[in-house]
Amino acid sequence: QVQLVESGGGLVQDGGSLRLSCAASGGTFSNYDMGWFRQAPGKEREFVAATKRRGYGTYYANSVKGRFTTSRDNAKNTVFLLMNSLKPEDTAVYYCAARTSPSGAITSELYTQRPYDSWGQGTQVTVSS
């Protein structure tokens, strides 16, 4: 079982930036599809960004495209989410997730929770207006 630990959340003003990190332990990180999701109070968990295994591609929700960037450092078993131009509506608990199955996820599936089999505990991001 892969363990994922997020860090980097906090309180930031409207227009500010934060960088989240998600460290993975166990297995071969470069073989995992990694995703970021978020859940605001009273709302369902939603897709934010994903990066395919071995650098095969990155994908973003329309709401964060152009503001957020996900990247991975396979040598450090870590995936990052750089969030710029933050807005109050970005306030949520942010989760990273991994698909560790030997078969990679179909691209369209990465936008859903379905293909991911390991989840972190989440980190709170609060953007004040």
Side-chain angles (χ1 to χ4, degrees):
Q1 183 82 19
V2 173
Q3 291 194 327
L4 304 173
V5 179
E6 301 99 334
S7 61
L11 174 64
V12 65
Q13 289 189 331
D14 190 355
S17 299
L18 281 175
R19 189 178 80 155
L20 305 183
S21 301
C22 173
S25 59
T28 305
F29 179 76
S30 61
N31 289 343
Y32 303 157
D33 300 316
M34 299 298 298
W36 287 97
F37 289 77
R38 66 186 182 186
Q39 188 167 18
K43 295 188 176 181
E44 293 188 353
R45 191 171 297 188
E46 65 176 5
F47 170 78
V48 175
T51 172
K52 271 197 169 183
R53 59 191 66 192
R54 305 188 197 101
Y56 287 159
T58 54
Y59 310 90
Y60 299 93
N62 288 335
S63 59
V64 307
K65 202 172 291 185
R67 300 188 297 124
F68 291 11
T69 303
T70 188
S71 60
R72 60 195 299 162
D73 185 336
N74 290 332
K76 296 182 177 179
N77 293 350
T78 302
V79 63
F80 303 99
L81 184 68
L82 175 61
M83 305 184 294
N84 293 323
S85 302
L86 282 162
K87 307 174 182 180
E89 51 263 44
D90 294 318
T91 295
V93 177
Y94 283 70
Y95 299 88
C96 72
R99 173 177 174 85
T100 64
S101 168
S103 61
I106 298 171
T107 298
S108 59
E109 289 187 324
L110 289 174
Y111 293 79
T112 73
Q113 299 181 55
R114 189 167 51 247
Y116 301 95
D117 48 53
S118 298
W119 291 81
Q121 83 288 350
T123 185
Q124 176 71 46
V125 172
T126 303
V127 185
S128 63
S129 56

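Quick note: numbers below take in every heavy atom, side chains included, and nothing from hydrogens, waters or symmetry partners.
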Exercise. Under 4.5 Å between side-chain heavy atoms, hopping through other hydrophobics if needed: is there a path connecting Val125 to Phe80?
Worked result: no

Exercise. Do Tyr59 and Val64 sit in the same hydrophobic cluster, where Ile, Leu, Val, Met, Phe, Trp and Tyr count as joined when their side-chain heavy atoms come under 4.5 Å apart?
Worked result: no

For this session: Quick one: sort the Phe37 and Tyr116 rings into parallel, tilted or perpendicular, breaks at 30° and 60°.
Result: perpendicular

Enter the distance from [X]:[atom1] to [Y]:[atom2] here, rounded to the nearest 0.5 Å.
X      : Y      : atom1 : atom2 : result
Leu4   : Cys22  : CG    : SG    : 4.5 Å
Met34  : Leu81  : CE    : CG    : 11.5 Å
Met83  : Arg19  : CE    : CZ    : 11.5 Å
Gln39  : Tyr94  : CD    : OH    : 12.0 Å
Thr28  : Asn74  : OG1   : CG    : 10.0 Å
Ile106 : Tyr111 : CD1   : OH    : 13.5 Å

For this session: Mark yes when over 12 heavy atoms from residues, nucleotides or ligands other than Gln124 sit less than 6.0 Å from its CD; otherwise mark no.
Result: yes

For this session: Can you establish whether the number of heavy atoms outside Gln13 located under 6.0 Å from its atom CD is more than 12?
Result: no

Nearest heavy atoms of [X] and [Y], plus distance in Å:
X      : Y      : result
Ala105 : Pro115 : CB-CB, 3.9 Å
Val48  : Phe68  : CG1-CD2, 3.7 Å
Thr70  : Tyr60  : N-OH, 2.9 Å
Thr100 : Val2   : CG2-CG2, 3.4 Å
Gly26  : Tyr32  : O-OH, 3.0 Å

Check: [Y] main-chain N/O paired with [X] side-chain donor or acceptor under 3.5 Å:
X     : Y      : value
Asp33 : Arg53  : yes
Thr91 : Val127 : yes
Tyr95 : Gly35  : no
Glu6  : Gln121 : yes

Are the side chains of [Y] and [X] in contact, using a 4.5 Å heavy-atom criterion?
X      : Y     : result
Leu110 : Arg99 : no
Asp14  : Pro88 : yes
Lys76  : Phe29 : no
Ser71  : Leu82 : no

Seminar exercise, completed: So salt bridge (charged side-chain N to carboxylate O under 4.0 Å, His left out) across residues 65-74, not counting sequence neighbours, yields Arg67-Asp90

For this session: Check side-chain hydrogen bond (donor to acceptor under 3.5 Å, both in side chains) between Arg54 and all other residues, then give those that pass, not counting sequence neighbours.
Result: Asn31

